[in-house]
J.: 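My questions all concern the structure below.
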Amino acid sequence: MSFHLYDSMRREKVPFEPLIPGKVAMYNCGPTVYSAAHIGNFRSFLFADVLRRWLEVSGYEVTQVMNITDVGHLRDDDPEQGADKMEEAAKKEQLDPWKIAEKYTALFFEDLDTLRIQRAHQYPRATDHIPQMIEQIQQLLDSGHAYEASGAVYYDVSSFPAYGRLSGNTGDDLIAGARVAVAEEKKDPRDFALWKSDPHHLMQWDSPFGRGFPGWHIECSAMSQSILGETLDLHTGGEDNVFPHHECEIAQAEGATGKPFVRHWMHARHLMLDGGKMSKSLGNLYTIGQLAEMGHDPVAVRFALLRVQYRQVLNFTLPGLEEAATAVRRLRLFATDMEEAAAGAEPGDPPAWLTAAVQRFDESMDDDLNTSGALDGVFTLMNEANRRKVTGPDAAAALAALRRMDRVLDVVREDAPEDLDAEVEDLVRRRTEARAAKDWATADEIRDRLAELGIELLDGKDGKVRWRRTGAGAS
RNA sequence: GGCGGCAUGGCCAAGUGGUAAGGCAACGGAUUGCAAAUCCGUCACCCCCGGUUCGAAUCCGGGUGCCGCCUCCA
């Protein structure tokens, strides 16, 4: 089998077919850096991460680009009423918009590292690509897909018949929706702004169409094409991006070049929090920083987000996160056990049970990144290896297979021990001495004390004692 | 109003025609100074009704319930 994906445009599972065999040009819609990204945002960034990792493990050479939106999007298409998110945040925090962008961009990268999300090859900033946007707007004006009116430039949707194909939103529906604010100067309610002017706006640039700032959607089509070329193999985003953002991107990109813009669209479903929609106004959301402060292992967060396939609704709960943490701890201990069982042996030919587990993993991933099924492969590998008490070459083979799976999931790998905690080591040693002397009271007292420090003791059969951080304790 | 998704054991969740993966929890056992951890084992007939079929969780029709998008949002 080869990689198959659910293509949002074609609305079915299709074989992945990049323009150039073996190479992948991938663009992911990234964050708008006006506040800290939340767990829901990271679901789709993590989805893009897993997608890239699986393609690479499958032998593709991937170029991944994710945009950073650091110029505000108006909330409303009417410049008179528009409130800009970047500028609102700037006002609230009493910083200028550029400082806001800088602050939250830095935080975004920090959170990526925390969740072990691999860095994309490029993170283009909207503010660094104003000339490319102006150029694309000019192309659209030249080709008759756009028009100027009252200091703004609008896309003429009637000039692009394919508009609505991705989202299924027909013109009639849009008008019937009646939530589209109709600017007087627009020829058609569906028309959207490519360039706007507003003397009060803080971020402004000169352009052939007058001093102003770019519209909501032009940045992604301009940046993706200027970096990856006119046709992308993969374009991802959250499901909310489908309309209007991606619909407009297609109109802009294909209007400007006349060539197909994207070969495959993929969209991550939103996650729910405690059974409901996440909402900033209700305050029911988590940022990565908040979860870390609460003492949760970031890798457990990664696991909790991965165990449900990206196109399924995922209900994120704290008990669910604890479950994930338990599963991760068990896998990690298993990996350690396998290392010992392998005892430095070279991996032997994989036994049938191992091949079956690997196949389960691979086929699941090939099937539109079915991470739930893939985890079945991981745990089956573990259970079979345990049941058979494998050692030597078989253990080495199992470990090698596990490591390969973990190149995609990245939840088993342990961070390099940062600090060999002298205090903990000392306590553990004193407890071992107490136990040898059958001084159970002292031994248990030390055990309790370690538990308070977030240290769990793992007493082995042969008197060997290991310890690990539970991740939940105060440290 | 338009478009779309989902309903599988206590919880999470695979599985698209042949008699239900996996995780967490629970229970029994091994192990342990006691515990924890770990290991072994046990634990479901798939929302309702009707239909197609030798045979359906899986296909069709009709219900019921939950959710998302259509508006800034991943």
Side-chain angles (χ1 to χ4, degrees), chain A residues 8 11 28-32 34-35 37-48 72-77 82-85 88 164 167-170 172-174 176-181 216 236-245 247 267-272 275-281 303-304 307-317 319-320 322-331 333-334 337 357 360 364 367 370-383 386-387 389 435 438-440 443-444 447-448 451 456-461 465-468 470:
Chain A
S8 317
R11 292 166 195 257
N28 315 120
C29 272
T32 301
Y34 68 99
S35 67
H38 54 67
I39 190 81
N41 299 109
F42 280 103
R43 183 187 196 191
S44 60
F45 303 147
L46 186 54
F47 146 64
H73 288 177
L74 293 186
R75 336 177 60 96
D76 195 297
D77 213 2
D84 181 298
K85 302 175 97 165
E88 274 186 347
S167 61
N169 282 334
T170 68
D172 291 344
D173 293 339
L174 288 180
R179 298 222 227 159
V180 181
W216 320 343
T236 74
E239 59 176 326
D240 56 291
N241 285 147
V242 171
F243 187 89
H245 187 54
E247 198 73 77
H267 292 96
R269 180 135 297 161
H270 279 184
L271 70 69
M272 316 270 288
K277 185 184 171 167
M278 289 201 352
S279 152
K280 289 191 183 179
S281 53
F303 186 97
R307 64 177 165 171
V308 178
Q309 194 232 12
Y310 76 96
R311 264 186 329 110
Q312 302 295 325
V313 172
L314 163 57
N315 186 24
F316 188 87
T317 63
E322 289 299 332
E323 251 181 47
T326 303
V328 167
R329 281 196 293 268
R330 195 152 78 98
L331 284 173
L333 200 56
F334 168 69
D337 288 345
R360 171 78 172 129
S364 296
D367 183 14
N370 181 357
T371 42
S372 300
L375 282 170
D376 178 21
V378 175
F379 282 99
T380 300
L381 184 161
M382 177 175 81
N383 292 334
N386 280 333
R387 189 172 303 129
K389 298 181 167 60
R435 289 179 76 206
K438 297 198 190 304
D439 179 0
W440 309 128
D444 292 352
R447 184 166 69 194
D448 291 344
E456 179 181 36
L457 290 161
L458 307 172
D459 290 343
K461 254 184 199 173
V465 178
R466 291 188 290 190
W467 59 271
R468 66 182 180 187
T470 57

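The figures here come from the full heavy-atom set of this structure, side chains too, leaving out hydrogens, waters and symmetry mates. As the structure is a prediction and not an experimental result, all values here were calculated from the model. Lettering of chains follows the sequences in order, A, B, ..., and the numbering in each one begins at 1.
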J.: Using a heavy-atom cut-off of under 4.0 Å over every strand shown, decide if A/Gly237 touches base, sugar-phosphate, or nothing.
T.: sugar-phosphate

J.: Using atom CZ of A/Phe303 as one end and atom C1' of B/C12 as the other, report the distance to the nearest whole Å.
T.: 10 Å

J.: Need the pair for B/C46. Rule: Watson-Crick or G-U wobble, both distances under 3.5 Å, any strand; none if unpaired.
T.: none

J.: Which is more 5' along RNA chain B, the nucleotide nearest A/Ala268 or the one nearest A/Arg307? Just name the residue.
T.: A/Arg307

J.: Say you pick atom C1' in B/C27 and the same atom in B/G9; how far apart are they, in whole Å?
T.: 15 Å

J.: Side chain of A/Trp216 only, heavy atoms from C-beta on: which candidate in B/C72, B/A74, B/A13 is closest?
T.: B/C72

J.: Would you list the atom pairs, donor with acceptor, under 3.5 Å between side chains in residues 237-244 of chain A and any protein atom, with sequence neighbours excluded?
T.:
| from | atom 1 | to | atom 2 | distance (Å) |
| --- | --- | --- | --- | --- |
| A/Glu239 | OE2 | A/His270 | N | 2.8 |
| A/Asp240 | OD1 | A/His270 | NE2 | 2.7 |
| A/Asn241 | OD1 | A/Gly238 | N | 3.2 |

J.: Using a heavy-atom cut-off of under 4.0 Å over every strand shown, decide if A/Asn370 touches base, sugar-phosphate, or nothing.
T.: sugar-phosphate

J.: Grab the CZ-P distance between A/Phe243 and B/G2 for me, whole Å please.
T.: 17 Å

J.: Give me the distance, rounded to whole Å, that separates B/G63 from B/C72 when you measure between the C1' atoms they each carry.
T.: 37 Å

J.: With P as the reference atom in both, quote the distance from B/G61 to B/A25 in angstrom, rounded to an integer.
T.: 42 Å

J.: Keeping A/Asp367 on the side-chain end and A/Asn370 on the backbone end, is there a donor-acceptor pair under 3.5 Å?
T.: no

J.: Could you write nucleotides 34-43 of chain B as a row of B, S and -, 5' to 3', where a protein heavy atom under 4.0 Å of any base atom gives B, of only sugar-phosphate atoms gives S, and otherwise -?
T.: BBBSSSSS--

J.: Using the P atom as the point on both nucleotides, what is the distance between B/U58 and B/U16, in whole Å?
T.: 12 Å

J.: I need the single residue from A/Arg330, A/Lys389, A/Arg466 that forms a salt bridge (Lys or Arg N to Asp or Glu O under 4.0 Å) with A/Asp337. Which is it?
T.: A/Arg466

J.: Please list, chain by chain and in numerical order, all residues satisfying side-chain contact (heavy atoms from CB on, under 4.5 Å) with A/Arg387, sequence neighbours excluded.
T.: A/Asn383, A/Glu384

J.: Look for any protein N or O under 3.5 Å of an N or O in nucleotides 5-10 of chain B and output each such pair with its distance, or none.
T.:
| from | atom 1 | to | atom 2 | distance (Å) |
| --- | --- | --- | --- | --- |
| B/G5 | O2' | A/Arg269 | NH1 | 2.8 |

J.: Can you tell me how far P of B/G68 sits from CG of A/Asp240, to the nearest Å?
T.: 13 Å

J.: What closest approach, in Å, do A/Leu331 and A/Val378 show between heavy atoms, and which atom pair accounts for it?
T.: CD2-CG1, 3.7 Å

J.: Kindly give the atom pairs (protein nitrogen or oxygen, nucleotide nitrogen or oxygen) under 3.5 Å for nucleotides 18-21 of chain B.
T.:
| from | atom 1 | to | atom 2 | distance (Å) |
| --- | --- | --- | --- | --- |
| B/A21 | O2' | A/Asp376 | OD1 | 2.9 |
| B/A21 | O2' | A/Asp376 | OD2 | 2.8 |
| B/A21 | N3 | A/Asp376 | OD2 | 3.2 |

J.: Which nucleotide in the list B/G15, B/C70, B/A74 gets nearest to the side chain of A/Asp367?
T.: B/G15

J.: According to salt bridge (charged side-chain N to carboxylate O under 4.0 Å, His left out), who are the partners of A/Arg360, at least two apart in sequence or on a separate chain?
T.: A/Asp376

J.: In the strands shown, is B/C54 matched to any nucleotide by a Watson-Crick or G-U wobble pair with both distances under 3.5 Å, and which?
T.: B/G18

J.: Can you list the residues that meet the side-chain contact (heavy atoms from CB on, under 4.5 Å) rule with A/Thr317, with sequence neighbours excluded?
T.: A/Asp274, A/Asn315, A/Pro319

J.: In the structure shown, which nucleotide is the Watson-Crick or G-U wobble counterpart of B/U38, with both distances under 3.5 Å?
T.: B/A30

J.: Please tell me if the side chains of A/Gln309 and A/Arg269 come closer than 4.5 Å, counting only heavy atoms from C-beta onward.
T.: no

J.: Quick one: list whatever passes side-chain contact (heavy atoms from CB on, under 4.5 Å) with A/Arg447, sequence neighbours left out.
T.: A/Arg431, A/Asp444, A/Leu457

J.: Could you tell me the separation between the CG atom of A/Asn315 and the C1' atom of B/C11, rounded to a whole number of Å?
T.: 11 Å

J.: Could I get the full list of ring pair (Phe, Tyr, Trp, His ring centres under 6.0 Å) partners for A/Phe42, not counting sequence neighbours?
T.: A/Phe45

J.: Taking only residues two or more places apart in sequence, or in another chain, which ones meet A/Asn28 in a side-chain contact (heavy atoms from CB on, under 4.5 Å)?
T.: A/Met26, A/Ala48, A/Gln64, A/Met66, A/Thr236

J.: Name the pairing partner of B/A7, where a pair is Watson-Crick or G-U wobble with both distances under 3.5 Å, or state none.
T.: B/U64

J.: Closest to the A/Arg11 side chain: B/G15, B/C3, B/C72?
T.: B/C3

J.: For A/His245 and B/C72, what is the distance between atoms NE2 and P respectively, to the nearest whole Å?
T.: 12 Å

J.: Can you tell me, in whole Å, how much space there is between the P of B/U64 and that of B/U71?
T.: 28 Å

J.: Let me know the distance between CD of A/Glu322 and P of B/C12, rounded to the nearest Å.
T.: 17 Å

J.: Could you give the distance separating B/C11 and B/G68 at their C1' atoms, to the nearest angstrom?
T.: 23 Å

J.: Ring centres within less than 5.5 Å and planes less than 30° apart: is that true of A/Trp440 and B/G33 in this structure?
T.: yes

J.: Checking A/Phe303 now: which residues fulfil ring pair (Phe, Tyr, Trp, His ring centres under 6.0 Å) with it, not counting sequence neighbours?
T.: none

J.: Mind checking what makes salt bridge (charged side-chain N to carboxylate O under 4.0 Å, His left out) contact with A/Arg468, not counting sequence neighbours?
T.: A/Glu456

J.: In whole angstrom, what separates A/Leu314's CG from B/C67's P?
T.: 16 Å

J.: Nearest 0.5 Å, what's the CG-CG distance between A/Leu375 and A/Leu381?
T.: 12.0 Å

J.: If we take the P atom in both B/A44 and B/G23, what is their distance in whole Å?
T.: 15 Å

J.: Between P on B/C70 and NE2 on A/His267, what's the gap in Å once rounded to a whole number?
T.: 12 Å

J.: Say we look at B/C6 and B/U19: how far apart would their C1' atoms be, to the nearest angstrom?
T.: 26 Å

J.: Paired with B/G1 by Watson-Crick or G-U wobble geometry, both distances under 3.5 Å: which nucleotide is it?
T.: B/C70

